[in-house]
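The structure displayed is predicted, hence computed values, not measured ones. Note that ligands are numbered from 1 as they come in the structure, with each ligand's atoms numbered from 1 the same way. For the single chain, residues carry numbers from 1 onward in sequence order. In what follows, every heavy atom counts, from backbone to side chain, and hydrogens, waters and symmetry copies are set aside.
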Amino acid sequence: MSRLIVVSNRVNPPNPAEGGEGSVGGLAMALAAALREYSGIWFGWSGKTIPEFTGQLNMQRIEGVTVATVDLEETDYQEYYNGYANKTLWPLFHYRVDLTAYDRSFGEGYDRVNKRFAETLLPLIEPDDIVWVHDYHLIPLARELRRMGVTNRIGFFLHIPWPAHQLVVTLPRHRALVEALFDYDLIGFQTEESLQAFEGYVFSEVQGRKTERGELEAFGRGLKAQAFPIGVDAKDFAQIVQGETARKVYDRMMAHSVFRKMVVGVDRLDYSKGLEERLIGFERFLHDHPDLRREVMLLQIAPLSRDEVEAYQDLRTRLDGLIGRINGAYAEMDSTPIRYVNRSYRRDELAGVYRASKAALVTPLRDGMNLVAKEYVAAQDPEDPGVLILSRFAGAARQMKEALIVNPNSPEEISDALERALSMDLAERKRRWEALFDNVNREDVTAWRDDFVAALRADPEPDADKPEP
Ligand code: ADP
Ligand code: F6P
């Protein structure tokens, strides 16, 4: 069978030799799980910077996966990662035009790093390999590989939303970015909504069309575009929650729950996650329900993310103030309504926390999918499951209809959903959880990987109406 070469900016699978901790973020978690059973290579940035780019590969074997990383130059890190990826594409694709910076040097750094990645990866690619590129950092990678003569099948998966046409066109060079996608054989989106937004752009902006076989054609090239909703390793999660560490964490949290029911939030500290809106919703809940104030506590775990980017620093400052204000107003001498933690935890610790929580607040303003919602469901006790409160703007809301779906912009909706979750009877909690778990278990990370890889492997049938190159 042909090898799978996975490429992503962030490469950091959980390493048991280092206490099992890997990167925080959906992409790393999903790929670590997806690659566990595959022979292949995972290539990307080491997370380190050096004064001058050397292209030196660092190869490691972690949990059966060959991990190949390369260091980036400081300027690359600033222009490509902090710049184009996280000050341009990330905010724009999450509908935050107000935070989007359009600096020419960022685009140059983005193209330069994609070229450097391609040059470094090239010697690792064998003729039968299939290459699977991930996320917005690396959209032009296939273009660079094709220019170097690579004819292997190359697929791309976007972990974040593809935004509406009107937003894409605010990007200088939007056409070049979309054209670069046409160097892939297959591109995958999290949801049908993102797929349709992409198709909308192709039809109206670059006069593309759909062939009879369902391929998209533009720029004289064709590709397959499909939705592949990403999942979690639900079986593994359901298993680790039974392990010793998860149980210890669970017992410790339950001991506190004697005094207060716990509601949990787990997110990178990112403005797309709706953290402020969630806290304001929780504040509204405390205001509206004086009788429940002493019964409920919110544990918000929010590890720092992209903290060299100003918008993230500003958010952190605002959250510090907001949490201080709410705790100041509603704390008692012996209790505080919000516990706020800026660090990351091991997966098994998180599993214990999820299980001990009566409800989870997952309230992004925009999210490609949101894996925390799925992990929360996977970790629940089938005999006494907690309730998922989920934003309608998370990709996960398309599949997880039995959650309590809220509009995170409405403090009242968050407050009402909390009240409903915490008073929900066992029969309803079980009914909702069973349907959610069934979905999380069926549409898991293995199904996502297998569906994508099978679609990428599939030989294109000859297409009668394809234009001559
Ligand atoms: P994103 O990819 O935008 O960060 P997701 O919800 O899809 O959002 O994925 C987040 C992933 O990061 C989940 O697998 C979650 O368990 C993990 N994660 C988030 N916060 C922490 C934390 N404090 N410690 C460990 N893992 C975390
Ligand atoms: O899942 C979306 C994503 O942007 C991933 O591409 C990324 O690895 C993760 O969030 C965490 O962000 P970062 O790699 O910038 O720390």
Handout entry: Contacting atoms of ligand 2, where contact means under 4.0 angstrom from a heavy atom of Tyr81
Key = 13 (P), 15 (O), 16 (O)
Handout entry: Ser410 side-chain N/O to Glu413 backbone N/O, donor-acceptor pair under 3.5 Å
Key = yes
Problem - Arg306 versus Tyr312, side-chain donor and acceptor atoms under 3.5 Å - result: yes
Practice task
Please say whether Ser305 places an N or O atom under 3.5 Å from an N or O atom belonging to ligand 2.
Solution key: no
Practice task
Report yes or no: does Glu443 contribute a side-chain atom to a donor-acceptor pair with the main-chain N or O of Val440 at less than 3.5 Å?
Solution key: no
Exercise for the section: Check ligand 2 against His137 and write out every atom of the ligand that is under 4.0 Å from a heavy-atom position of the residue. Expected result: 6 (O)
Exercise for the section: Compute both the distance and the angle, then confirm whether Arg173 meets the cation-pi test with Tyr84: under 6.0 Å from the six-membered ring centre, within 45 degrees of the axis. Expected result: yes
Handout entry: Those atoms of ligand 1 less than 4.0 Å from some heavy atom in Pro303
Key = 20 (N), 21 (C), 22 (C), 23 (N)
Exercise for the section: Kindly confirm or rule out an N or O of Tyr345 lying under 3.5 angstrom from an N or O of ligand 1. Expected result: yes
Problem - Between Thr336 and Asn327, a side-chain donor and acceptor under 3.5 Å - result: no
Fill in the blank from the handout: Short version for His134: what comes under 4.0 Å of ligand 2, heavy atoms counted, is neither
Practice task
Give the atoms of ligand 1, by number and element, whose distance to some non-hydrogen atom of Arg268 is under 4.0 Å.
Solution key: 1 (P), 3 (O), 4 (O)
Problem - No-hydrogen, no-angle side-chain donor-acceptor test under 3.5 Å, Asp71 and Tyr77 - result: no
Completion exercise
Quick note on ligand 1: atoms under 4.0 Å from a heavy atom of Val372 include exactly 6 (O), 15 (C)
Practice task
In sequence, state the C-alpha distance, the side-chain angles, and the governing distance for Arg146 and Asp185, and then conclude on salt bridge (Lys or Arg N to Asp or Glu O under 4.0 Å).
Solution key: CA-CA 11 Å; Arg146 299 287 185 220; Asp185 297 293; 3.0 Å; yes
Practice task
Could you verify whether a donor N or O on one side chain and an acceptor N or O on the other, from Gln242 and Arg247, lie under 3.5 Å apart?
Solution key: yes
Practice task
Please step through side-chain hydrogen bond (donor to acceptor under 3.5 Å, both in side chains) for the pair Arg260 and Ser335, ending with a clear verdict.
Solution key: CA-CA 9 Å; Arg260 292 195 148 196; Ser335 66; 3.3 Å; yes
Problem - Heavy-atom nearest option to atom 26 (N) of ligand 1, drawn from Val266, Ile160, Leu350, Val232 - result: Leu350
Problem - Nearest option to atom 5 (C) of ligand 2, as decided by whichever heavy atom of Asp135, Val11, Asp367 sits closest - result: Asp135
Practice task
Decide whether the shortest distance between a heavy atom of Met369 and an atom of ligand 1 is less than 4.0 Å.
Solution key: no
Practice task
Let me know which of Tyr110, Trp90, Trp45 forms a ring-ring contact (aromatic ring centres under 6.0 Å, His included) with Tyr81.
Solution key: Trp45
Problem - Atom CZ of Arg318: over 12 foreign heavy atoms under 6.0 Å - result: yes
Fill in the blank from the handout: Within the 4.0 Å heavy-atom cut-off, what Glu375 brings close to ligand 1 is side chain
Problem - Element-labelled atoms of ligand 1 that are located less than 4.0 Å from some non-hydrogen atom of Ile301 - result: 23 (N)
Problem - Polar proximity ligand 2 side, Tyr136 side, N/O cut 3.5 Å exclusive - result: yes
Problem - Option whose closest heavy atom lies nearest to atom 10 (O) of ligand 2, chosen from Gln190, Met369, Arg306, Arg10 - result: Arg306
Practice task
Using distance alone, decide if ligand 2 has a nitrogen or oxygen within less than 3.5 Å of any nitrogen or oxygen in Asn9.
Solution key: no
Fill in the blank from the handout: Candidates Arg347, Arg343, Lys273; heavy atom nearest atom 1 (P) of ligand 1 found on Lys273
Handout entry: 4.0 Å heavy-atom contact, Tyr354 with ligand 1
Key = yes
Problem - Within 45° cone of Tyr345 ring axis and under 6.0 Å: Arg343 NZ or CZ - result: yes
Fill in the blank from the handout: Checking heavy atoms under 4.0 Å, the part of Asn370 that sits near ligand 1 is both
